[in-house]
Amino acid sequence: MMEKEFFEESADRVAPELLGSLIVRKTGQETVKGKIVEIEAYLGKEDPGSHAFNGKTDRNKLMFDTYGKIYVYLCYGLHHMFNVTAGIESTGAVLVRAVEPVEGLEKIKENRNVQDFYSLTDGPGKLTEAFEIDRSFNGENVSEGDLRIEKGETVEEVKKSGRIGISRGKERELRFYIPGNRFVSS
DNA sequence: CACGCGATTCGCT
DNA sequence: GCGAATCGCGTGT
């Protein structure tokens, strides 16, 4: 169980700590689990790459709420992005970019329409499809409910780089991943 | 109220 | 490697 207080530190400190943790998704009878192997930090209103940079809007208002809340939004009209808000008053969030399947592999394969094993959950839009995550989770506490994060194994080595896919704020190294893991994107 | 585009993915040229 | 898919948000008229 990941306590809400875990997310009160700023996103750039929370993100690397979450590597190795488990996303736990309960769908009716089944439970699907995945180990977080890649994650990015967005630092809120101080961060040009963040949705919160230009102030509070209808979409990002959750980031101005409190830490430890699920924030999901639709990207390119097709893909859901799974975030958790982080930091006291910092309007930050972490974006889960890739997981390694741990439990419920059959369900994951059923939800994803690809053959290659390593393409099942190696991207932010892929893992939300695999884990049936959409905007209905918005505002829920990540430490309870049908979608939560649980403490997993301790990761021995963490690498970092610039964030992927954004146009502003690329220079800062706010992407963290487990080197060598096959599910890390690109 | 119209318009441009994005924290992406997949299939095909 | 390139481009289409697809839609809600944010901005400006």
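With hydrogens and angles ignored, the 3.5 Å screen pairs no side-chain donor or acceptor of A:E38 with any backbone N or O of A:I178. Not one N or O on the side chain of A:R13 forms a donor-acceptor pair closer than 3.5 Å with the backbone of A:S10. The backbone N or O of A:V72 lies less than 3.5 Å from a partner atom in the side chain of A:N138, making a donor-acceptor pair. With A:N181 contributing its side chain and A:E100 its backbone, the two residues share no donor-acceptor pair below 3.5 Å.
Pairs engaging residues 121-130 of chain A under the side-chain hydrogen bond (donor to acceptor under 3.5 Å, both in side chains) rule: A:R112-A:E129, A:D122-A:K126 [sequence neighbours left out]. Screening residues 152-185 of chain A for ring-ring contact (aromatic ring centres under 6.0 Å, His included), with sequence neighbours left out, gives A:F117-A:F183, A:Y118-A:F183. Listed by first and then second residue, the ring-ring contact (aromatic ring centres under 6.0 Å, His included) pairs that reach into residues 25-70 of chain A are A:H51-A:Y73, sequence neighbours excluded. Applying the salt bridge (charged side-chain N to carboxylate O under 4.0 Å, His left out) definition to pairs two or more places apart or across chains, those involving residues 153-170 of chain A are A:K35-A:E153, A:D47-A:R163.
Expressed to the nearest 0.5 Å, how far CG of A:N60 lies from OG1 of A:T91 amounts to 8.5 Å. How far NZ of A:K69 is from OG of A:S143: 9.0 Å, rounded to the nearest 0.5 Å. Note that the CD1 atom of A:I88 and the CD atom of A:E9 stand 9.0 Å from one another [nearest 0.5 Å].
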Close N or O pairs between protein and nucleotides 10-13 of chain B (under 3.5 Å):
residue, atom, partner, partner atom, Å
B:dC10, OP1, A:R112, NH1, 2.6
B:dC10, OP1, A:R112, NH2, 2.7

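One interatomic measurement links the two molecules: CG of A:N83 to P of B:dT8, which rounds to 11 Å at whole-angstrom precision. Taking atom CG on A:N54 and atom P on B:dG6, their separation rounds to 13 Å, with Å as the unit. To the nearest angstrom, C1' of B:dG6 lies 13 Å from CZ of A:R97.
Annotation: A:E89, atom CD; neighbour count of heavy atoms from other residues, nucleotides and ligands within 6.0 Å does not exceed 12. Other residues, nucleotides and ligands place more than 12 heavy atoms under 6.0 Å from the NZ atom of A:K4. Annotation: A:N113, atom CG; neighbour count of heavy atoms from other residues, nucleotides and ligands within 6.0 Å does not exceed 12.
With a 4.5 Å cut-off between side-chain heavy atoms of Ile, Leu, Val, Met, Phe, Trp and Tyr, the cluster of A:L43 takes in A:L174.
Looking at residues 58-76 of chain A, you'll see A:Y73, A:Y76 sit with a heavy atom under 4.0 Å from some atom of DNA chain B. The stretch residues 42-51 of chain A comes close to DNA chain B through A:Y42, A:G49, A:H51, each having a heavy atom under 4.0 Å from the strand. Of the residues in residues 163-186 of chain A, not one comes within less than 4.0 Å of DNA chain C through any heavy atom.
A heavy-atom distance below 4.5 Å is not found between the side chains of A:M2 and A:E150. Looking at A:T85 and A:D65, their side chains never come closer than 4.5 Å, going by heavy atoms from C-beta outward.
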Donor-acceptor pairs are to be reported for all side-chain atoms of residues 18-33 of chain A against protein atoms at under 3.5 Å, with residues two or more places apart or in another chain.
residue, atom, partner, partner atom, Å
A:S21, OG, A:L18, O, 3.1
A:R25, NE, A:F131, O, 2.8
A:R25, NE, A:E132, O, 3.1
A:R25, NH2, A:E132, O, 3.0

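Stem list for DNA chain C (at least 3 consecutive Watson-Crick or G-U pairs, distances under 3.5 Å): B:1-6 with C:7-12, B:8-12 with C:1-5.
Chain A approaches DNA chain C over the interval C:dA5 to C:dT11, counting the first and last nucleotide 5' to 3' with an atom under 4.0 Å from its heavy atoms.
Remark: the separation of the C1' atoms in B:dC5 and C:dG3 is 15 Å, to the nearest Å.
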